Amino acid sequence: MKTTEIRIIVSEFQTIDELPENDRLLLREARRITALAYAPYSGFHVGAAVLLGNGKIITGNNQENSAYPSGLCAERVALFYANANYPHSEVKAIAISAAKNGVLVNEPVKPCGSCRQALAEAEVRFESPIRVILDGQDSIMVLDSVESLLPLSFSKKDLASPNPSKGVEFV
Ligand code: THU
């Protein structure tokens, strides 16, 4: 038996004005698009802004549906649009904001598990870490990679055929 410790590093800022300029611009875009979310069922408005390697910023917000599971989170709306239109441009960063009743959430907004998985795919696909900026009134969190948000994630490496010489058969 062996034990491994996995550590993540989270930087916290008190206000948007303390952020480095690129992060500040991206977060402003996330805040702007949050206000345009379609969230009549939850009343929880989320906005995401994705910075690409080509310099473009792509925004998205949550799109809900009366058939609840047919809706989609802000992060994936933005990410999938970016990947669909700029398949050769790596994702550099994503800023996420959220508001309830028009007021920015207190704690930094946390992306759901499915969005973390989708972001992890982009990180592996482009072999480039994605900076993550999570907005909140109490603080703004910044992480250097999605791997920090989703350690031990499932990825294309896990789909490879196992080495038969190890000899453990699944019956
Ligand atoms: N939501 C997002 O857009 N992103 C997240 O990471 C968390 C949740 C949306 C989905 C749904 O429209 C609403 O917030 C409430 O869950």
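Throughout, numbering of the chain's residues begins at 1 and tracks the sequence. This is a predicted model, so every value here is computed, not measured. In listed order, ligands and their atoms are each counted from 1.
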Answer yes or no: are there more than 12 heavy-atom neighbours, outside [X] itself, under 6.0 Å from its atom [atom1]?
X: E12; atom1: CD; result: yes
X: Y41; atom1: OH; result: yes
X: L159; atom1: CG; result: yes
X: E147; atom1: CD; result: no

Practice prompt. Identify which of Y41, Y68, F44 has a heavy atom lying nearest to atom 14 (O) of ligand 1.
Written response: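 Comparing heavy atoms across Y41, Y68, F44, the nearest one to atom 14 (O) of ligand 1 lies in F44.
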Worksheet item: Taking atom 10 (C) of ligand 1 as the point of reference, which of G43, C73, A74, S114 owns the nearest heavy atom?
Response: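 Among G43, C73, A74, S114, the closest heavy atom to atom 10 (C) of ligand 1 belongs to C73.
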Fill in: Atom indices of ligand 1 within 4.0 angstrom of E64 heavy atoms, with elements
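Once the distances to E64 are compared, the set is 11 (C), 12 (O), 13 (C).
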Worksheet item: Going by the atom numbers of ligand 1, which of them fall below 4.0 Å from some non-hydrogen atom of S42?
Response: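 Contacts of ligand 1 toward S42, numbered from 1: 13 (C), 15 (C).
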Item to complete: Would you name the heavy atoms of A122 and V91 that are closest together and state the gap between them?
Response: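 That would be CB-CG2, 4.3 Å.
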Discussion item. Please find the pair of heavy atoms, one from R116 and one from P111, that lie closest to each other, and give the distance.
Written reply: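 Answer, listing the atom of R116 first, then P111: NE-O, 2.7 Å.
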Below 4.0 Å from ligand 1: does a non-hydrogen atom of [X] turn up there or not?
X: P111; answer: yes
X: K110; answer: yes
X: C112; answer: yes

Worksheet item: Are any non-hydrogen protein atoms located under 4.0 Å from atom 3 (O) of ligand 1?
Response: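 Protein heavy atom within 4.0 Å of atom 3 (O) of ligand 1: present.
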Item to complete: Decide yes or no on side-chain hydrogen bond (donor to acceptor under 3.5 Å, both in side chains) for S97 and D135, but give the supporting numbers first.
Response: CA-CA 5 Å; S97 193; D135 199 12; 2.7 Å; yes
Worksheet item: Would you say E75 has any N or O atom under 3.5 Å from an N or O of ligand 1, going by distance alone?
Response: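 N/O-N/O distance under 3.5 Å: yes.
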Worksheet entry | Nearest protein heavy atom with distance in Å, relative to atom 9 (C) of ligand 1 |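 Checked against all protein heavy atoms, atom 9 (C) of ligand 1 sits closest to N62 ND2, 3.5 Å.
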